[in-house]
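Predicted model only: the values in this text are computed from it and were never measured. All values below were derived from every heavy atom in this structure, side-chain atoms included, with hydrogens, water molecules and symmetry-related copies excluded.
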Amino acid sequence: MIETLISSKTRIKLLMKFFLNSKNTAYLRSLEEEFGESTNGIRLELNKFEKAGFIESFAEGNKKLFTVNTKHPLFKSINQIIMKMTGLEYVVDYVLQRIGDLDKVYLVGKLSKGQDTDIIDLVLVGNNLNKPFLIEQIEKAEKKIDKKIRYVHYTSEEFDLNNIKEPGMHPLLLWSK
C-alpha cells in the first residue's frame, strides 16, 4: 500500500524500523544485515532522513547509532501511518479495547523491532479477560489485516516487564488503561 507513495524499499524499511517503535536504535552495519541491502543505499537514505531531522545520530564507542527524532513535527503523523500500514491501529482500536479488563498491551517480536512480518506478537496484561470473545475478535482481525496474531496473557500480578525482554528488543507499549 505505502509502496505506491514511497518507491524506495530501503526508505520504507527505515520508516518501519524507527517510526513504529521509537526506542529502536541501529547502526549502519546492523541495518545492512537486517535489510539484506548494501550499506551505500542505506547510508544515502539515513543521510536524507538525518538532514530532514527525522532521525538523529549519536556515537557509542566507534559506532554511529541512529534513532528517530520524536520531537519532529511529523513524528506522530508518520507513526500513525506506519501503525495503519502494519494493521496495529485496527488491532488496538477494534480488538484490544473490547476484550475485558486489560491494563496494558505490548508489541513484541519482529514487528516491535521494526521488521516487516506477517505475525503480530502481543503480550496482554490484565485480569478477567473474556477469552472466547478475544479469540473471536482476533480471528476477525486476522482476516481484516491479513496477518496472524499471537498473544500471551499475564494477570496484572504475574506480569514483569523484564520477563518479556529479549536482547536488542524493546517491547512497545501499544495500549494502556
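Counting only heavy atoms from C-beta outward, the side chains of Leu20 and Met85 never approach each other to under 4.5 Å. Contact of the Phe49 side chain with the Arg11 side chain is registered, since non-hydrogen atoms from C-beta on lie closer than 4.5 Å. A heavy-atom distance below 4.5 Å is found between the side chains of Lys148 and Glu142. With contacts defined as side-chain heavy-atom distances shorter than 4.5 Å, the pair Lys143/Lys140 does not qualify. The closest side-chain heavy-atom distance from Leu134 to Ile138 is below 4.5 Å. In this structure the side chain of Leu124 never reaches within 4.5 angstrom of the side chain of Val152, judged on heavy atoms. Side-chain contact between Phe159 and Val123 is present, with at least one heavy-atom pair separated by less than 4.5 Å. Using a 4.5 Å cut-off on side-chain heavy atoms (C-beta onward), Ile145 and Ile120 make contact.
Around the CG atom of Asp146, the shell of radius 6.0 Å holds no more than 12 heavy atoms that belong to other residues, nucleotides or ligands. A 6.0 Å sphere centred on NZ of Lys71 holds no more than 12 heavy atoms belonging to other residues, nucleotides or ligands. Lys23 NZ: 12 or fewer foreign heavy atoms inside a 6.0 Å radius. Annotation for Arg43: atom CZ counts as buried by contact number, over 12 foreign heavy atoms lying within 6.0 Å. The environment of Lys13 atom NZ is dense: over 12 non-hydrogen atoms of other residues, nucleotides or ligands sit within 6.0 angstrom.
Cluster membership check: Ile119 does not share its hydrophobic cluster with Ile82, using side-chain heavy-atom separations under 4.5 Å among Ile, Leu, Val, Met, Phe, Trp and Tyr. One hydrophobic cluster, built from ILVMFWY side chains closer than 4.5 Å, holds both Leu15 and Leu74. Two different hydrophobic clusters hold Phe54 and Leu44 under the rule that ILVMFWY side chains link at heavy-atom gaps under 4.5 Å. Hydrophobic clustering (side-chain heavy atoms under 4.5 Å, transitive across Ile, Leu, Val, Met, Phe, Trp, Tyr) groups Tyr151 together with Phe133.
Thr10 pairs by the side-chain hydrogen bond (donor to acceptor under 3.5 Å, both in side chains) definition with Glu37, not counting sequence neighbours.
Looking at every heavy atom in both residues, Thr67 comes nearest to Ser22 through OG1-O, 3.8 Å. Here the closest heavy-atom approach between residue Gly109 and residue Asp121 is recorded as CA-OD2, 4.1 Å. Listed here is the closest heavy atom pair of Thr39 and Leu28: O-CD1, 3.8 Å. Gly53 and Asn69 get closest at one heavy-atom pair: O-ND2, 2.9 Å. Closest of all the heavy-atom pairs between Leu102 and Lys177 is O-CE, 3.2 Å. Across all non-hydrogen atoms, the minimal contact from Ser176 to Lys104 is OG-CG, 3.9 Å.
In this structure, CD1 on Ile149 lies 12.5 Å from CD1 on Ile135, to the nearest 0.5 angstrom. The structure places CG of Leu122 at 12.5 Å from OH of Tyr106, a figure rounded to the nearest 0.5 Å. Here the CD1 atom belonging to Ile55 is positioned 8.5 Å from the CZ atom belonging to Phe19, to the nearest 0.5 angstrom. In this structure, the separation between CD on Glu32 and CD on Glu34 is 12.0 Å, given to the nearest 0.5 Å. Atom CG of residue Leu172 and atom CG of residue Leu111 lie 8.5 Å apart, to the nearest 0.5 angstrom. In this structure, the separation between CD on Glu45 and CG on Leu31 is 12.0 Å, given to the nearest 0.5 Å.
Asn127 places a side-chain N or O within donor-acceptor distance of the main-chain N or O of Ser156, the cut-off being under 3.5 Å. Distance alone, capped at 3.5 Å, is enough to place a donor-acceptor pair between the Lys147 side chain and the Thr117 backbone. For Asn24 (side chain) and Ser112 (main-chain N/O), a donor-acceptor pair under 3.5 Å exists by modelled atom type. Distance alone, capped at 3.5 Å, is enough to place a donor-acceptor pair between the Lys17 side chain and the Lys113 backbone. Checking side-chain atoms of Asp103 against main-chain N and O of Gly126 turns up no donor-acceptor pair under 3.5 Å.
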Report task. Apply the test side chain to side chain contact (heavy atoms under 4.5 Å, CB included) to residues Ile164 and Tyr154: give CA-CA distance (whole Å), side-chain angles for both, the deciding distance (0.1 Å), then the verdict. Result -> CA-CA 11 Å; Ile164 64 170; Tyr154 291 96; 4.1 Å; yes
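Its side chain within the 4.5 Å cluster rule, Tyr27 clusters with Phe58, Leu65 among the Ile, Leu, Val, Met, Phe, Trp and Tyr residues.
Look at Arg29 and Glu33 and you find no salt bridge, because none of the NZ, NE, NH1 or NH2 atoms lies under 4.0 Å from a carboxylate O.
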